[in-house]
Colleague: 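Structure below; questions to follow.
Side chains are part of it too, since the values below use all heavy atoms of this structure and drop only hydrogens, waters and symmetry mates. Quick caveat: nothing in here was measured; it's all calculated off a predicted structure.
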Amino acid sequence: MKLSTKPQKFHATPSGHGAKTARVGASRQSETDSFDGVYSRIAFLAYQFYEQRGRVDGYDMEDWIRAEQTILAAK
């Protein structure tokens with residue numbers, strides 16, 4: 001059995017009254033406001049900090065926190 005290298009996303013499907021409305025509202029949420037969008041932006045900026053330092057290891061937590069503060073302060 002071959003395992004996928006890409007993680008799978010599983011979403012609970014709402015049921016009952018208003019389920020259609022919940023799905024439509026969720027699909028309209030912008031990428032930048034979603035958790036995945038914010039996480040991706042933080043990861044990208046943290047990697048940029050790493051590259052700016054000349055790819056020196058050992059500062060990953062500092063890079064992540066700095067990127068997180070920068071992205072969240074901009075919101």
Side-chain angles (χ1 to χ4, degrees):
M1 178 174 158
K2 182 179 178 186
L3 297 176
S4 173
T5 57
K6 188 174 183 180
Q8 300 293 319
K9 291 184 180 181
F10 295 96
H11 301 283
T13 303
S15 60
H17 183 69
K20 183 177 182 181
T21 312
R23 282 191 298 259
V24 170
S27 66
R28 290 183 182 161
Q29 184 178 16
S30 74
E31 174 66 21
T32 57
D33 291 339
S34 71
F35 174 78
D36 289 340
V38 172
Y39 181 89
S40 295
R41 290 171 53 204
I42 293 169
F44 181 77
L45 185 56
Y47 188 77
Q48 285 182 323
F49 293 152
Y50 166 73
E51 286 189 326
Q52 288 171 1
R53 190 182 316 96
R55 296 184 176 191
V56 176
D57 291 334
Y59 297 93
D60 53 330
M61 187 60 70
E62 289 87 349
D63 290 342
W64 186 269
I65 292 170
R66 181 176 164 204
E68 191 174 64
Q69 290 172 340
T70 302
I71 297 296
L72 296 178
K75 285 189 139 275

Colleague: Are Phe44 and Phe35 co-members of a hydrophobic cluster defined by side-chain heavy atoms under 4.5 Å apart?
Modeller: no

Colleague: Find out if a path of hydrophobic residues (ILVMFWY) with successive side-chain heavy-atom gaps under 4.5 Å connects Leu72 to Leu45.
Modeller: yes

Colleague: For Gln52, enumerate each residue passing the side chain to side chain contact (heavy atoms under 4.5 Å, CB included) test, keeping only those at least two apart in sequence or located in another chain.
Modeller: Phe49

Colleague: Do any pairs count as a side chain to side chain donor-acceptor pair (under 3.5 Å) and have a residue in residues 57-74, sequence neighbours left out, and if so which ones?
Modeller: Tyr50-Asp57, Arg53-Asp63

Colleague: Taking all non-hydrogen atoms of both residues into account, name the closest pair between Ala46 and Ala67 and its distance.
Modeller: N-CB, 3.5 Å

